[in-house]
Structures are given as C-alpha cells and as structure tokens.
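Below, chains carry the letters A, B, ... as their sequence lines are ordered, and counting in each starts from 1.
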Amino acid sequence: MPELPEVEIVKRGLEKAVLGQRIKRLSFNRPTLRLPLPVELPAQLAGQRFDTFARRGKYVIALCDGGYGFILHLGMSGVIKIIPAGEAYSPAKHDHVVFEMEDGGHIVFNDPRRFGFLKATTHDTWHLDNAFAGMGVEPLSNDFSGPVLARVLKGRSGPIKTALLDQKVVAGIGNIYACEALYMAGISPKRVAGSVQGKRAAALAGAIVEVLGLAIESGGSSLKDYYHADGSLGYFQHSFKVYDREGAMIDDQYPVKRIIQGGRSTFYCPAKQR
DNA sequence: CTCCTGTCCTGCCGGC
DNA sequence: TGCCGGCAGGACAGGA
C-alpha cells in the first residue's frame, strides 16, 4: 500500500521522533517476513544512535552512528508505529520488529501480510544494495523531467500504466498514483508506453510530480507530528479522483471505469483520457 | 531487454 | 449469523 508519499511521511516521522536518539534494544518477534530478519542486527544496533534517515523509491534507509543500519520496505500492509516516551507499549498482533529507545519510547514495524522486509546494511554500502540496482529516477528530484521520462519509456510496447509500476522506470510509483497521475495528465492507461513522448511525456511527468507532492503535503499537514493517534505512520486520508472510484461520475457525466492490467486494477475515465 | 503469470500472506467486504 | 470467493497500496522469479 505504501507508495512514495507514504514512505516519505514515514521517513520524516522517524526523523522527527528518533533522529539522534539512542536504541536500547531491538527485538524480532518472528524469524522471517518476506525475507529472513537479519539476526546480526539487534547486536549491531543496541546502544547506537540513529543518525541518518533517507528514502529511495519505496524504501526507507535508517543508519546509526556506529555505521550499521537497515533498509526497510513496508510491502503492501506495513506500518511504522511510534509510541512516545512515557506512553505504555502494548504489543499488538503483527508487531514483528520492536525498537525500544533509551528514553522509553518505542518504534514498531507492524505488517499483517508480511510482504515487507528489513535488510541489514551499513553507512558505506547501503546505496550498493540490490534493492536499488537499476532503480529508476526519483520523481521528486531535479533529475526528473518530461524528456527523462520520455527516454525511459521509449521502445516499451506494454501499456503506460504497467510501465509506471515498474520501479526501473520511475522510482516509488504504485497502483494508486499511477492511476491518479494518468488521469491528471489525460493519458489512457492502455496507451502504449513508448508512445508517451514529447508533450505527453511532459504532461505525465508534471502530473506525477504534482500528485506525489500533493499527497506528501496532505499527509504532512493532516498528521499531527506525522503520526496518528494510535501511533501508526504511513497512512493518511487521501482524496482520489479515480482510484477505487469505479462508477463515480467525472464532471457529472463521465463514469470512472475499472479494468485489469497486469493482474491489477486500473481505474480511469475513458472520456477524459486518451 | 521486455512482457506475462504465478506466488508470498492476512484481512476485509459483499453475496448467499 | 456464518461461510466463501474475490480482492487489496508490492516485488520478485521464471519462462516465453
């Protein structure tokens, strides 16, 4: 579920809550998520301070002053919960990873479907991790533009919607924001990806930047200090134009349709997207 | 290379 | 009320 905006909010929330704070203890409540949890990590991180949080695509990178750290992916259903110092932490179902901070606060990774994972890494090597090999341009960086998008789409014969979900094309876009950006740009999800060039590519790049930026903004502003009352980070109220709105009317007359592409739902408004 | 399918796992919702 | 099928925001492997 978490796409780039939600992951960005998680990263900012962690910065706000525990940057510079010392970890007292890290514990795992099961041996494996999507990948085995790194058994060496609790010993590496005990007593260390968080000194860096970063995001690349849908990944959060967390590093400590001792040089060790981890790369986190929230999968489909993962959330980070922050329980501030002074509040009691009561373990909940699917709390798989628990950081107990020196000040008494807790950071918890909860993931019912267990598609998420956590990998050990270091300050010096995290950027070399396989997770980032071949990953596409960061859409909110200065490196992203219409011409750049046009270049990575060139020659692709599959539909544009499916291409946008490929993390090698653009980093961090998932099913929701692929649908929303295509709607905003007026481009049909069924259009051949390679035909999104020139003006269309510029419009789509602009729409991607806008829709991701707005989502981060609304997440940041609608969350008190970036976390919910229950402490969970990573979800916030969105208002989507087409996603999950099959049958809704655009301009009171054009219905939103749902189709399947690459085994996943696509929502779009045929009358408004070509 | 690109594309297509299946798979991992739990929870929730709608229909009967 | 309960049971069952379908579907869910992701990513990767394997085969064509």
Worksheet entry | Atom-to-atom span, CD of A/Glu180 to C1' of C/dG9 - whole angstrom | 12 Å

Practice prompt. Starting at atom CG of A/Leu164, determine the distance to atom C1' of C/dG10, rounded to an integer number of angstrom.
Written response: 15 Å

Worksheet item: Given atom CD of A/Glu246 and atom P of C/dG6, what is their separation to the nearest angstrom?
Response: 16 Å

Worksheet item: Pick from A/Glu15, A/Glu3, A/Glu138: which one makes a salt bridge (charged side-chain N to carboxylate O under 4.0 Å, His left out) with A/Arg55?
Response: A/Glu138

Worksheet entry | Protein-nucleotide distance (A/Arg264, atom CZ; C/dA8, atom P), rounded to Å | 8 Å

Item to complete: Please check if the distance between the ring centroids of A/Phe70 and A/Phe99 is under 6.0 Å.
Response: yes

Worksheet entry | N/O (side chain, A/Tyr177) to phosphate O (OP1/OP2, C/dG9) under 4.0 Å | no

Worksheet item: Between C/dG10 atom P and A/Met135 atom CE, what is the distance in whole Å?
Response: 12 Å

Worksheet item: Looking just at side-chain N and O atoms, do A/Asn110 and A/Lys93 make a donor-acceptor pair shorter than 3.5 Å?
Response: no

Worksheet entry | Distance below 4.0 Å between A/Gln167 side-chain N/O and C/dG10 OP1 or OP2 | no

Discussion item. With heavy-atom distances below 4.5 Å as the criterion, would you say the side chains of A/Ile173 and A/Leu4 are in contact?
Written reply: no

Fill in: Interatomic spacing from OG1 in A/Thr266 to OH in A/Tyr243 - rounded to 0.5 Å
10.0 Å

Discussion item. In whole Å, I'd like the distance from the NZ atom of A/Lys168 to the P atom of B/dC3.
Written reply: 10 Å

Discussion item. For a 4.5 angstrom cut-off between non-hydrogen side-chain atoms, does A/Arg114 reach A/Arg30?
Written reply: yes

Fill in: CZ/A/Arg56: more than 12 non-hydrogen atoms of other groups inside 6.0 Å
yes

Response to the item:
Here DNA chain B, pairs taken as Watson-Crick or G-U under 3.5 Å and shown with ( ), [ ] when crossing and | when to another strand, reads .|||||||.|||||||

Discussion item. Using atom P in both nucleotides, what's the gap between B/dT5 and C/dC7 to the nearest angstrom?
Written reply: 15 Å

Discussion item. Is A/Ser265 close enough to C/dA8 that one of its side-chain N or O atoms is under 4.0 Å from OP1 or OP2 there?
Written reply: yes

Discussion item. What verdict does the side-chain hydrogen bond (donor to acceptor under 3.5 Å, both in side chains) test give for A/Tyr59 and A/Asp129, after you've listed the backbone C-alpha separation in whole Å, the side-chain angles of each residue and the deciding distance to 0.1 Å?
Written reply: CA-CA 11 Å; A/Tyr59 292 85; A/Asp129 194 279; over 6 Å; no

Practice prompt. Take the protein atom CG of A/Asp244 and the nucleotide atom P of B/dG14, then report the distance between them rounded to whole Å.
Written response: 11 Å

Worksheet item: For C/dA8, does OP1 or OP2 lie under 4.0 Å from any side-chain N or O of A/Arg258?
Response: yes

Fill in: Carboxylate-amine/guanidinium contact A/Asp166 A/Lys168, below 4.0 Å
yes

Worksheet item: Is A/Glu180 paired with A/Lys241 through a side-chain N to carboxylate O contact shorter than 4.0 Å?
Response: no

Worksheet, complete the sentence: Assert: residue with more 5' nearest nucleotide on DNA chain C, out of A/Leu165 and A/Ile260, is A/Ile260

Item to complete: Report, as a single string ordered 5' to 3', how protein heavy atoms within less than 4.0 Å touch nucleotides 5-10 of chain B: B base, S sugar-phosphate only, - not at all.
Response: ---BBB

Worksheet item: Could you give the NE2-to-P distance, from A/His73 to C/dC12, as a whole number of Å?
Response: 8 Å

Practice prompt. Check every strand shown and say whether A/Thr162 touches a base, only sugar-phosphate, or nothing at a heavy-atom separation below 4.0 Å.
Written response: nothing

